[in-house]
Amino acid sequence: MTEQVRVRFAPSPTGPLHIGGARSALFNYLLARRTGGQFIVRIEDTDLERSSRESEENILDSLAWLGITWDEGVRVGGPHAPYRQTERLNTYRDAADKLIAAGKAYRCYCSEEELEAERQAFSEKGELPRYSGKCRCLTPDDEQRYQAEGRRPVLRFRVPDEGAVVIDDQVRGQVTFECEGIGDFIIVKSDGIPTYNFAVVIDDALMDITHVVRGEEHLSNTPRQVLIYEALGLKQPRFAHVSLILGKDRSKMSKRHGSTSVVAYQSQGYLPEALINFLVLLGWSPAGEEEIFSLEALCEQFSLERVAKSPAVFDADKLNWLNGMYIRQAAPERIRDLALPFLIEAGYVPAEPDEVMVQKVGLMVQAIQEKLVNLGEVTTMAPLFFGETVQFESEEAKAVLAEEQVPVVLQAFLQKLTDGRALEPGTIKAIFKEIGKETKHTGRKVFMPVRVALTGQMHGPELHFLIPALGSHVAEVRVRTTAAEAGLAL
RNA sequence: GGCCCGUUGGUCAAGCGGUCUAAGACACCGCCCUUUCACGGCGGCUACAGGGGUUCGAAUCCCCUACGGGUCACCA
């Protein structure tokens, strides 16, 4: 029998999509695509305080940006709708009633203060702080009295006193938890909203989820969930807990380590395919030696068997390398269009650029595409292309213009630059050839002075790309002003 | 602290008892290419946490220790 794989990504909308969440989503997505199964996106918004529609939109937008699509869930609907937990409250209530009727769950009237005091007492005695189970055997009279006091009960799951829960994890192998170490936990809060541990089980079961692939932080929750599956007689999915993504100091990835949200990387100018490629390599390894993968390629290669157990440190260097890789491979027009917003933001380009400006940016991109690490960098390179004047980056640069062949070379350059021919990479190359022939100066002796006169710097993009991007007017002005500054009369 | 999980070079990682005097990638260093930078090519550097077992043989299996991480909420 070949069971149809059904996996899901179930974020809680309490903030933007985290890099770790994105990887979980990716793994689920890939597993579904690889097996011809379905991928579901469900929203776990039972934390009323912290959940917001904005976060939900942000998360969904980030997934879409990454190219991760889903077959069922919010935005697209499906046979198991609704896909937002706050819209499924009746379903959870039914399940809770069942548990109460079977004596597997009970009402607890303890206040948070009482619980806190209890935990305190336990830890002072050197024991593990947990729920004592004191509401386990309340009589109807007790309950009535509490109710009269105005107490709102929570619903607790009655955890067996003995026994153990064994999880056969797809990436970790067999993991055993003793029931003894699990206190009776809350499945419905006093406001009637189910807790995560409860709702997740009901939803996964009702939505026929076959594999739960999620972060390792959920591993210790899993025995509680398994207990609920068992109590309700529901079919359990296979579990796969993927290790966490760590920061440079090996602690859980957080703001201190830099950007943690997908939007942050998006706004820094990373390409979605680079982020995908990077993320998949964090915890999963290909069978062969190739490491550059498109989403489509990953859909054919991904497998849970090759997911690593150990946590991975987020390596920004490698992300940068990958991003540069994808930028180099991308069509120049695409990079140009992606670069435009950055230049507009930085004030180099008007909000509504005309065709001439777009073309200029296109030429600029052509010149720097091979050295860009991320799109945001166009902003730091922009001064090279915008503005009529430049500064010498160093005395060493300025000194280049003091070499004896410079006046002749620059004069020749200026003359050819303004003789009316169209400025294209080909003609620029021709110009340098002509200069060589006419002045008998070639190589470094002609390129370097022109470069410095044009940019004030000794390094930079190919001149045959740079000059067309500048245009003959700006180029001429820059050469004349820098030359003058260096004490040269042209 | 209890309970879980993990530990191969600076980083990501291959390896699933012999073919390991341990692959590949990023980073780093050197060389080459080149008008500069970058790209690209070539080469180099550096690792099985420690200690006990099991076995003819262990990076691979078991135990202990150390270290790292996760989790112990009316958050997910």
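Predicted model only: the values in this text are computed from it and were never measured. Note: hydrogens, waters and symmetry copies are ignored here, and every other heavy atom, side chains too, is used. Just so it is clear: chains get the letters A, B, ... in the order the sequence lines come, proteins before strands, and each one is counted from 1.
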Name the nucleic acid region contacted by [X], choosing base, sugar-phosphate or nothing; use a 4.0 angstrom heavy-atom cut-off, strictly under.
{"X": "Glu112(A)", "answer": "base"}
{"X": "Arg451(A)", "answer": "base"}
{"X": "Thr176(A)", "answer": "sugar-phosphate"}
{"X": "Cys179(A)", "answer": "nothing"}
{"X": "Ser190(A)", "answer": "base"}
{"X": "Gln457(A)", "answer": "nothing"}
{"X": "Gly283(A)", "answer": "sugar-phosphate"}
{"X": "Val175(A)", "answer": "sugar-phosphate"}
{"X": "His241(A)", "answer": "nothing"}
{"X": "His18(A)", "answer": "nothing"}
{"X": "Asn221(A)", "answer": "base"}
{"X": "Lys252(A)", "answer": "sugar-phosphate"}

Considering only [options], which nucleotide approaches the side chain of [X] most closely?
{"X": "Leu219(A)", "options": "rC3(B), rA38(B), rC5(B)", "answer": "rC5(B)"}
{"X": "Asp47(A)", "options": "rA76(B), rG6(B), rU35(B)", "answer": "rA76(B)"}
{"X": "Glu216(A)", "options": "rC5(B), rC12(B), rU35(B)", "answer": "rC5(B)"}
{"X": "Glu44(A)", "options": "rC12(B), rA76(B), rA38(B)", "answer": "rA76(B)"}
{"X": "Glu217(A)", "options": "rU71(B), rC3(B), rU36(B)", "answer": "rU71(B)"}
{"X": "Lys318(A)", "options": "rC12(B), rG6(B), rC5(B)", "answer": "rC12(B)"}
{"X": "Asp317(A)", "options": "rC26(B), rA73(B), rU11(B)", "answer": "rC26(B)"}
{"X": "Leu244(A)", "options": "rA73(B), rC75(B), rG69(B)", "answer": "rG69(B)"}
{"X": "Trp321(A)", "options": "rG6(B), rA25(B), rG68(B)", "answer": "rA25(B)"}
{"X": "Ser285(A)", "options": "rA14(B), rU35(B), rC74(B)", "answer": "rA14(B)"}

- Locate the shortest heavy-atom distance separating Arg151(A) from Ser111(A); write the atom from each residue and the value.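 Closest heavy-atom pair between Arg151(A) and Ser111(A): NH1-N, 3.7 Å.
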Would you indicate, yes or no, if [N] has its OP1 or OP2 atom less than 4.0 angstrom from a side-chain nitrogen or oxygen of [X]?
{"X": "Arg328(A)", "N": "rG40(B)", "result": "yes"}
{"X": "Arg50(A)", "N": "rA73(B)", "result": "no"}
{"X": "Thr14(A)", "N": "rA76(B)", "result": "no"}
{"X": "Arg306(A)", "N": "rG15(B)", "result": "yes"}
{"X": "Thr46(A)", "N": "rA76(B)", "result": "yes"}

Could you measure between the two [atom1] atoms, the one in [N] and the one in [M], and give it in whole Å?
{"N": "rU8(B)", "M": "rU60(B)", "atom1": "P", "value": "12 Å"}
{"N": "rC74(B)", "M": "rC16(B)", "atom1": "P", "value": "46 Å"}
{"N": "rC4(B)", "M": "rC62(B)", "atom1": "P", "value": "16 Å"}
{"N": "rG68(B)", "M": "rU11(B)", "atom1": "P", "value": "15 Å"}
{"N": "rU34(B)", "M": "rC29(B)", "atom1": "P", "value": "23 Å"}
{"N": "rA27(B)", "M": "rU36(B)", "atom1": "C1'", "value": "24 Å"}
{"N": "rG6(B)", "M": "rA13(B)", "atom1": "C1'", "value": "15 Å"}
{"N": "rC26(B)", "M": "rG44(B)", "atom1": "C1'", "value": "16 Å"}

With a 3.5 angstrom cut-off on both distances, give the Watson-Crick or G-U wobble partner of [N], or none if there isn't one.
{"N": "rA66(B)", "result": "rU7(B)"}
{"N": "rC61(B)", "result": "rG53(B)"}
{"N": "rC72(B)", "result": "rG1(B)"}

Grab the [atom1]-[atom2] distance between [X] and [N] for me, whole Å please.
{"X": "Lys189(A)", "N": "rC74(B)", "atom1": "NZ", "atom2": "P", "value": "10 Å"}
{"X": "His257(A)", "N": "rC12(B)", "atom1": "NE2", "atom2": "P", "value": "13 Å"}
{"X": "Gln174(A)", "N": "rC4(B)", "atom1": "CD", "atom2": "P", "value": "13 Å"}
{"X": "Leu322(A)", "N": "rA27(B)", "atom1": "CG", "atom2": "C1'", "value": "13 Å"}
{"X": "Lys309(A)", "N": "rG69(B)", "atom1": "NZ", "atom2": "P", "value": "21 Å"}
{"X": "Ile187(A)", "N": "rA73(B)", "atom1": "CD1", "atom2": "P", "value": "17 Å"}

- Take Ile193(A) and Glu178(A), find for each the nucleotide of RNA chain B with the closest heavy atom, and name the residue whose nucleotide sits nearer the 5' end.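 Of the two residues, Glu178(A) wins.
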- Query: If you measure from the Lys or Arg side-chain nitrogens to the Asp or Glu carboxylate oxygens, is any gap between Glu230(A) and Lys104(A) under 4.0 Å?
  - Reply: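 Salt bridge between Glu230(A) and Lys104(A), a charged N being under 4.0 Å from a carboxylate O: no.
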- Message: Taking the basic N atoms (NZ, or NE/NH1/NH2) and the acidic carboxylate oxygens, is any pair closer than 4.0 Å for Glu216(A) and Lys252(A)?
- Response: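 No, this pair does not count.
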- Compute both the distance and the angle, then confirm whether Arg8(A) meets the cation-pi test with Phe39(A): under 6.0 Å from the six-membered ring centre, within 45 degrees of the axis.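 Arg8(A) over Phe39(A) ring: no.
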- Does the side chain of Ile193(A) reach to within under 4.5 Å of the side chain of Val188(A), using non-hydrogen atoms?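 Not touching, per the 4.5 Å side-chain cut-off.
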- Message: Measuring only between side-chain heavy atoms, which start at C-beta, is Phe27(A) closer than 4.5 Å to Val280(A)?
- Response: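 In contact.
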- Task: In sequence, state the C-alpha distance, the side-chain angles, and the governing distance for Phe157(A) and Tyr106(A), and then conclude on ring-ring contact (aromatic ring centres under 6.0 Å, His included).
- Result: CA-CA 7 Å; Phe157(A) 185 86; Tyr106(A) 61 92; 9.3 Å; no
- Query: Do we see Phe447(A) stacking on the base of rU35(B), given a limit of 5.5 Å between centres and 30° between planes?
  - Reply: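 Yes, Phe447(A) stacks on the base of rU35(B), since the ring centres sit under 5.5 Å apart and the planes are within 30°.
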- Item | Phe9(A)/Tyr29(A) under ring-ring contact (aromatic ring centres under 6.0 Å, His included): CA gap, chis, key distance, verdict | CA-CA 8 Å; Phe9(A) 176 55; Tyr29(A) 168 84; over 10 Å; no
- Scan side-chain atoms only and decide if Arg214(A) and Thr222(A) contain a donor-acceptor pair under the 3.5 Å cut-off.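 Yes - a donor-acceptor pair under 3.5 Å links their side chains.
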- Side chain Glu290(A) and base rG24(B) donor-acceptor under 3.5 Å: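 Side chain to base: no pair present.
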